[in-house]
Amino acid sequence: MLHNVEKNPCKIEEIRKILKSIRDKDKTVGLVPTMGALHGGHLSLIDACLATNDVTVVSIFVNPTQFNDKTDFEKYPRDIKNDLKLIREKKCNITFIPSETEIYPERDTRQFDFGLLDKYMEGKFRPGHFRSVAQVVSRLLSIILPDNAYFGEKDFQQLVIVNSLVRQLNLPVNIIACPIIREPDGLAMSSRNQLLTAAQRKSAARISSTLLKAKELSDKMEITELKEYVNNEINLDPNLKTEYFEIVEETGLNPVNSWSENVSKRGCIAVRIGSIRLIDNIKFS
Ligand code: PAF
């Protein structure tokens, strides 16, 4: 008999006990870590988790330490009622909604060395962000002890860093990467999309359409020229302002300067729309 834990705050001891009894029966456990305000992207992670694991745990915790902008944290969408409804409809087994003091009984002072992985892109524009993501993800993994944990490719740099974290800490978990889920007009699904005004929402579709166009143009333009094209194309819309567009190699995230480099390449972008910041990416080859 599987349990549904939908108490807020939910005690770690309680969830550990439930999961131990599940593991004792040789059942596999999958974790979908989220910050709530669930959308189709999260639901696709949940589907992937349900398809391969005996038990699916969805965690909802808006981790305050990973927001380097206080207003971003305050404004971050929260809708626990709807989240629980969606989770229930998916027939997930366990929902874990810890309180801040449960996750951080003491201040987390751990540092991690991710080399160049957290130096560019999000790491450059959001100082300290990945250190806090690594801290909270390692805590969630050590509480739930899942066999598999599911992360979306929209946060591509986060995915690469979580893989590095798991290797560094020798954690016995498979990190499963799931593809970006898009709205019908191409906008990558994100909890922050709901903060956009109607006009901003319309403009935001330009991010993915420009990335797609860039992919088409990649056999006609050199990388520097293509980067300029993407920046200009996005910034043509007065609602949008690119923070960065980088083409990086997928495992080490080093910037790639020539198409001839024999590595898998990904174009990663961050765009500001008013006070909201959206990220997206596209695989080149
Ligand atoms: O991607 C997210 O929603 C968050 O960064 C995560 C992985 C749940 C950690 O807070």
Side-chain angles (χ1 to χ4, degrees), residues 8-10 12 15 30-46 48-49 56-69 72-80 82-83 86-87 92 94-104 108 110 112 114 117-118 121-123 125-144 146 148-166 168-169 171 173-181 188-195 268 270 276-281:
N8 186 11
C10 163
I12 290 179
I15 207 146
L31 170 66
V32 181
T34 80
M35 297 205 298
L38 301 185
H39 51 69
H42 296 116
L43 299 184
S44 76
L45 303 182
I46 293 176
C49 190
T56 289
V57 180
V58 178
S59 66
I60 300 177
F61 178 63
V62 187
N63 176 33
T65 62
Q66 74 185 69
F67 289 81
N68 40 344
D69 175 349
D72 186 29
F73 172 63
E74 281 160 3
K75 279 199 189 151
Y76 195 82
R78 292 161 172 88
D79 191 348
I80 278 290
N82 190 52
D83 290 347
L86 293 171
I87 288 171
C92 291
I94 298 176
T95 312
F96 179 46
I97 311 177
S99 66
E100 198 180 326
T101 44
E102 269 193 293
I103 292 292
Y104 299 112
D108 197 333
R110 286 175 299 160
F112 299 89
F114 293 117
L117 295 184
D118 62 350
M121 306 192 292
E122 293 304 284
F125 286 89
R126 303 183 69 187
H129 168 70
F130 286 121
R131 176 187 173 208
S132 304
V133 168
Q135 290 173 342
V136 76
V137 168
S138 73
R139 281 166 183 268
L140 290 169
L141 293 175
S142 73
I143 294 165
I144 305 296
N148 302 298
Y150 295 75
F151 291 82
E153 285 191 344
K154 184 179 75 65
D155 297 286
F156 191 76
Q157 194 170 9
Q158 168 173 282
L159 174 66
V160 174
I161 287 174
V162 167
N163 269 303
S164 169
L165 172 80
V166 162
Q168 283 184 32
L169 300 181
L171 300 176
V173 57
N174 301 312
I175 299 300
I176 313 291
C178 298
I180 300 176
I181 303 296
M189 289 193 184
S190 161
S191 303
R192 288 187 174 88
N193 291 353
Q194 55 178 280
L195 300 173
C268 300
I276 298 141
R277 206 173 160 276
L278 299 179
I279 57 172
D280 197 352
N281 65 77

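Start at 1 and go down the list; that is how both ligands and their atoms are numbered. One-based numbering along the sequence shown.
- Among protein heavy atoms, atom 5 (O) of ligand 1 sits closest to Gln158 OE1, 2.8 Å.
- An N or O contact shorter than 3.5 Å is missing between Thr34 and ligand 1 by distance.
- Put simply, the side chain of Asn148 never gets that close to the backbone of Ile176: no donor and acceptor are under 3.5 Å apart.
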*Worked verdict on Phe130 versus Phe114 for ring pair (Phe, Tyr, Trp, His ring centres under 6.0 Å)*: CA-CA 9 Å; Phe130 286 121; Phe114 293 117; 7.9 Å; no

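- Summary of contacts: the protein heavy atom closest to atom 10 (O) of ligand 1 is Gln66 OE1, 2.7 Å.
- Among all non-hydrogen protein atoms, the one lying nearest atom 3 (O) of ligand 1 is Met35 CG, 3.6 Å.
- Put simply, the side chain of Glu122 never gets that close to the backbone of Gln158: no donor and acceptor are under 3.5 Å apart.
- In this structure, Leu31 CG and Tyr150 OH are separated by 10.0 Å, a value rounded to the nearest 0.5 Å.
- The atoms of ligand 1 that sit less than 4.0 Å from any heavy atom of Val136 are 9 (C), 10 (O).
- Looking at Asn63 next to ligand 1, no N or O pair under 3.5 Å apart turns up.
- In this structure, a donor-acceptor pair under 3.5 Å is present between the side chains of Asn63 and Tyr104.
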